[in-house]
Amino acid sequence: MKTKRIKRFGTGILVCIFVLGLVACGSPSSNTGTPDRTKAPSGDAGKKPAGSGDPLNIMVEVEVSSLDPQVATDGTSLEVIADFTDGLMQMDPDGKAVNAIAESHEVSEDGLTYTFHLRKDAKWSNGDPVTADDFVFGWQRAVDPDTASEYSYMLSDIGQVKNAADIIAGKKPVTDLGITAVDENTLKVELNVPVSYFLSLMYFPTFYPVNRSFYEGLKKDTFGTSPETILSNGAFKPDSYEPAALSFDLVKNPDYYDADKISLSGLSYQVIKDSQQAFMSYQNGDLDIVKLSGDQVDQVKDDPELNVEGAGCMWYLTMNSHEIPALNNVNMRLALTNAIDRASIVEDVVKDGSVATYTAVPPQFATGPDGSDFSADQDKFHDVCADDPDKAVEFYEKAKQELGQDSFHFELLLEDQTETQNVAAVLKEQIESALPGVTIDLKVEPKKQRVEDIQNGRYEVCLTRWGPDYADPMTYLSMWVTDNLNNYGFWSNAGYDAIIADCTTGAHINDPEARWNAMYDAEKIVMDEAVIAPVYTKADANMIKSGVSGIDFHPVALNRVFKNAKKN
Amino acid sequence: MKRYILRRILISVFTLLAITLVLFAMLQFMPGSPFNDEKLSDDQRAQLNAKYGLDQPLYVQFGRYVANLARGDFGVSYNISKNTPIRQLIQTRLPISIKIGGMAVGMGALAGLLLGIAAALNHNTILDTLCTIVSVLGVSVPSYVFALALSYSLGFRLKWLPMLYNAKMALPSSLMPGIALSLFTLASIARFTRNEMLEVMDSDYMLLAESKGISGAPLILRHALRNTLIPIITVLAPLVVDLMTGSLVVEKIFAIPGIGSLLVTAIQSNDYNVIIALSFIYSAMYIAIMLTVDILYGIIDPRIRLARSSDGEDSTPPGRPGFASRWARVWGKKQKAVNMYES
């Protein structure tokens, strides 16, 4: 009798559980009120910004770290800033600099003075016109020690704007910077030396304008933290945004001077860090463009929606020739670089369309005076850099003789990312099997620690990377100058330093062809001495919905530009 | 009781301060610095360190930090969202994490309790076995596996629930993460309730109650459940803490703008101030939960309340026993009470 009652009570509880479960499952439809279950439930239901067409739903892997053009450094932030800000120049689909806020420009004969004439119909989203003084203010912020901009070297070392270096070092006031507003629509820029790629810097966000009176009217440190503290002069303007947001929207800017040409009604950004989730959301229809990992690319190889674009950034091995005697031997370094099977690394390990690289300056980002890719010919250093275990053994035998040693032990430093770890494991296997007697140990560190260690020479061999800052081979070649912070091998060659000096501040600065040829010579020295062992140049594999077209991809500065994109 | 609570709160504040100091010291040993990008020159790094006061000696930094903290200022973020006050970052994120976490605890505890009771009342039946299976699965499978499974089935295949968090549809998009997080709690509570309930049901005082004519729901609710609840609250507290750590991964999977995902990003990018601020908040929450549990004991079990007031708090030696020893004490008292009934 008693147990029966208790059991009945227990059954009642069980029923409760099921009811709870049902409520849990049933609530979404009752809450959203969308009768159409086949439609993706997330997305921006109910909010349709003005403009033709739907917003483009974009996946990014990391949060925006800053919407202040002079503070931002990472790709995502730069991309979003460029969505709502135009600089003097912009990139055309081929990456060439074409006019944006600048209507025309003149360069003085000595190449030291640039005069930009600004268009008069460019407006900020508060109605103010975009003036020459906005550029002066923006550039001055970039070199102001108070801003502590991490990209201030874009103005000093790379842009060679007059007095930039001294201002950054605190030796001169910001008003001494070589940029002046001649009148409201004329901007004059003075350089220390002629810079052949100067115009291409003008689409880099560090050089973007900031509306002075708007900025000065804001509370300290609030600039760029919400739609209210951002002014747009570009194709889109922020609609919802908060610092480190995981999702935010931009809408078409009706006051944009080129608004007629913008077809999207807006951009909807979603940060997704888990690549599997991201891909499922794409398949679900929640996203229009999504970045894939190497393994995912393998699954969709034949899908027409797959889109592979060069990302410009090169992974390479740096060898510490300064601290490690065995690596100070050129033949040892050459043996290592020839022992690598790069083709197999990109095909079997990275798998996202990245290309095997055999040159110190990677392909796909720098075109010369004749319009050709600086590194289109990947065979030019075939004698010293190839996937050739036999040649590796030749160099290795010589090295063994010269060093009087039969076995070598190297520690390969790498950062804690999946792809890097996979690549390093294969590198270890390839080198050890090609060069009997060499053993490689892998040492994994967080990226920041890895960078600190190699900059201070606390490593033996390291798998590291470099992305181009501007569309010129010098963005790579300047790294191997004596005492450069990123000359991780502490390699030094007076002849090399002389060529680089000629190309940046000396004899070749007014002769693009001679400069171009000299840079080939410099690259040859790096490769002959195996200062680094290039491995592969990264590609970005994206899935893009079939109705979407016109997204521009670039290996330098702004990786993606959505201004010209269309969505049907 | 009041004095007791007051003292516990004071100790909590000191504990928090000590935690902050330890965190501060530990961050100095963390590999790398917030500004370690290959593109930064030494001069620039020095400039950045000076800008944020990181070039000062450690004790100056700590002193300044605590002074700011007292005003509710956690400093600014170095990397995740450059120069943004951390209070602003946390303001919008903390409620989301707490809501989802609270939902998970609530659902897990309730469902676990019901399942455990049902299993105990149907001892050695299929339902009991089912409960055991659920418990074993729930405890051994990590929450992110559930999260991925749910996301794939309910989100991707059936399209019932949104796969990613969406502030405009907060409730439906919190359900999957909430369920994924709750399963560990559910399993633990179910197992614990079942065992505890079985023990209580076997006891003599239940027999006594029954022979006095009490039966059915009143018997279960008033006599069995009440005695079962005390140890359950004890295990619930650490479970809430497990939930916080579980939320780190689950928040990442569902793209939830909570503090769990923020902490992961902060650690990866050496954003010192964010790490300290979030650890501080986690510690504060942990301490608050423990405090709540202590107070709850008194409410649920009059014996403890009575015992405490008659013992007199003041007679306890200085240096209050920690949570573990208190737990043991409560447990001992309960056993004593049970023994009393038995003899």
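Proteins get letters first, then strands, A, B, ... in listed order; numbering begins at 1 in each. This is a predicted model, so every value here is computed, not measured. Basis for what follows: all heavy atoms, side chains included, without hydrogens, waters or symmetry-related copies.
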Exercise for review: Can you spot which of A:Lys447, A:Lys448, A:Arg450 makes a salt bridge (Lys or Arg N to Asp or Glu O under 4.0 Å) with A:Glu415?
Suggested key: A:Arg450
Contact origin within [X] toward chain B - heavy atom pairs under 4.5 Å:
| X | answer |
| --- | --- |
| A:Val71 | both |
| A:Pro243 | both |
| A:Val64 | backbone |
| A:Asp221 | both |
| A:Thr147 | backbone |
| A:Gln270 | side chain |
| A:Glu242 | side chain |
| A:Glu63 | side chain |
| A:Ser281 | both |
| A:Asp416 | neither |
| A:Ser149 | backbone |
| A:Tyr488 | side chain |
| A:Leu67 | neither |

Taking the side chain as C-beta and beyond, is there a heavy-atom pair between [X] and [Y] under 4.5 Å?
| X | Y | answer |
| --- | --- | --- |
| A:Val290 | A:Gln283 | no |
| B:Tyr165 | A:Leu246 | no |
| B:Phe74 | B:Asn68 | no |
| B:Ile117 | B:Thr193 | yes |
| B:Met201 | B:Leu121 | yes |
| A:Asn57 | A:Asp286 | no |
| B:Phe156 | B:Ser151 | no |
| A:Met280 | A:Asn284 | no |

Best-contacting candidate, [options], against chain A by heavy atom pairs under 4.5 angstrom:
| options | value |
| --- | --- |
| B:Thr265, B:Ile256, B:Val76, B:Val264 | B:Thr265 |
| B:Leu89, B:Ile253, B:Thr84 | B:Ile253 |
| B:Ser261, B:Ala167, B:Ser173, B:Ala255 | B:Ala255 |

Check your understanding: If you look at every heavy atom in A:Met314 and A:Tyr476, which pair is closest and at what distance?
Key -> N-OH, 3.5 Å
Practice item. Could you tell me which non-hydrogen atom of A:Asp274 sits nearest to which non-hydrogen atom of B:Lys252, and how far apart they are? Key: N-CE, 4.3 Å
Point to revise | When A:Gly467, A:Ser66, A:Ala244 are compared by non-hydrogen pairs under 4.5 Å with chain B, the top option | key: A:Ala244
Exercise for review: Identify which of A:Ser152, A:Pro446, A:Ala72, A:Ser247 forms the greatest number of heavy-atom pairs closer than 4.5 Å to chain B.
Suggested key: A:Ser152
Point to revise | Side-chain donor-acceptor pair present, A:Tyr459, A:Thr318, cut-off under 3.5 Å | key: yes
Review point. Relative to chain A, which segment of B:Lys82 carries a heavy atom at a distance below 4.5 Å: side chain, backbone, both, or neither?
Key: both
